[in-house]
Amino acid sequence: DTGVSQDPRHKITKRGQNVTFRCDPISEHNRLYWYRQTLGQGPEFLTYFQNEAQLEKSRLLSDRFSAERPKGSFSTLEIQRTEQGDSAMYLCASSSQGFSSGNTIYFGEGSWLTVV
Amino acid sequence: DQQVKQNSPSLSVQEGRISILNCDYTNSMFDYFLWYKKYPAEGPTFLISISSIKDKNEDGRFTVFLNKSAKHLSLHIVPSQPGDSAVYFCAASETGANNLFFGTGTRLTVIP
């Protein structure tokens, strides 16, 4: 399977613990995105990488969140001191080009986080 | 501040009939629009897109219409099939931006 893969698919953690999600994009894609989706909402943009450079961060990405893409390939999203409000699906996506006619981003299956 | 809105949370349609899903946006800088389909516990899957230089784009059973003056787009599915049952998200972007703005989704149920 050469799509975007995310790990783990599900994570249950206690409030205050740290969690890390990993994303492996489609191999030839240099652009990588993280989104968050809560129940009843559409995906919300968190951050964007082009190669290893983190070029854009949403104000949703509080200082408890950090994302990296060390070699321009896989990416990690870490949440420190988790709170119940962090419970959501964290979606990774990748693309080879920016948004313009005919282009899209390809999403992974998501990582569900439940904070108890 | 919801810049992309899908005001119908759900829609039920008989198999074989037309499904029409609607989307409105407020940001006049948006010039590229996409529709995604999402099954439970999966990530969104790209369906079809349209640039603001067009008012219609068709791909098989799926057609997207764009009315820039009304800041409105719609997705038509003809004929609807039970496998089309899913949540459909409208998304928008502007040239040079690195993020998509999504609506809240419409759950489509196609009744056999």
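Model, not experiment: these values are computed from the prediction. Here is how names work: the chains are called A, B, and so on, in the same order as the sequence lines, proteins then strands, and each is numbered from 1.
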task = Go through B/Ala97, B/Ala91, B/Ala41, B/Gly105 and name the one with the most non-hydrogen pairs under 4.5 angstrom from chain A.
result = B/Ala41
B/Ser19 and B/Ser80: side chain donor to acceptor below 3.5 Å = yes
key: Residues of residues 105-116 of chain A near chain B, each having a heavy atom less than 4.5 Å away   = A/Ile105, A/Phe107, A/Gly108, A/Glu109, A/Trp112
ask   = Is it true that A/Leu77 and A/Val4 fall in one hydrophobic cluster, defined by side-chain heavy atoms closer than 4.5 Å?
value = no
note = In terms of heavy-atom contacts, A/Ser95 and A/Gln97 come closest through OG-O, 3.0 Å
task = Step through it carefully: locate the ring centre of B/Phe101, locate the ring centre of B/Tyr25, and say whether they are under 6.0 Å apart.
result = no
task = State whether the side chain of B/Asp31 and the backbone N or O of B/Thr95 hold a donor-acceptor pair below 3.5 Å, judged by distance alone.
result = yes
ask   = Below 4.5 Å, heavy atoms only, C-beta onward: do B/Asn99 and A/Ser58 meet side chain to side chain?
value = no
query = With respect to B/Asp24, which candidate in B/His72, B/Lys5, B/Gln6, B/Gln3 satisfies the side-chain hydrogen bond (donor to acceptor under 3.5 Å, both in side chains) definition?
reply = B/His72
message = Any heavy-atom pair between the side chains of B/Leu75 and B/Thr106 that's under 4.5 Å?
response = no
Within 6.0 Å of CZ in A/Arg9, more than 12 heavy atoms from elsewhere = yes
message = With a strict 4.5 Å heavy-atom criterion, list every residue of residues 28-55 of chain A that contacts chain B, or say none.
response = A/Arg31, A/Tyr33, A/Tyr35, A/Gln37, A/Gly40, A/Gln41, A/Gly42, A/Pro43, A/Phe45, A/Tyr48
query = Any idea which of B/Pro44, B/Cys90, B/Gly96 has the most non-hydrogen atom pairs under 4.5 angstrom with chain A?
reply = B/Pro44
task = To the nearest 0.5 Å, tell me how far A/Lys11 NZ sits from A/Thr82 OG1.
result = 9.5 Å
message = Quick check against the 3.5 Å criterion: does A/Asn18 have a side-chain atom that pairs as donor or acceptor with the backbone of A/Arg81?
response = yes
message = At a 4.5 Å cut-off on heavy atoms, which part of B/Tyr36 comes close to chain A: side chain, backbone, both, or neither?
response = side chain
key: Toward chain A, the part of B/Leu34 with a non-hydrogen atom under 4.5 Å   = side chain
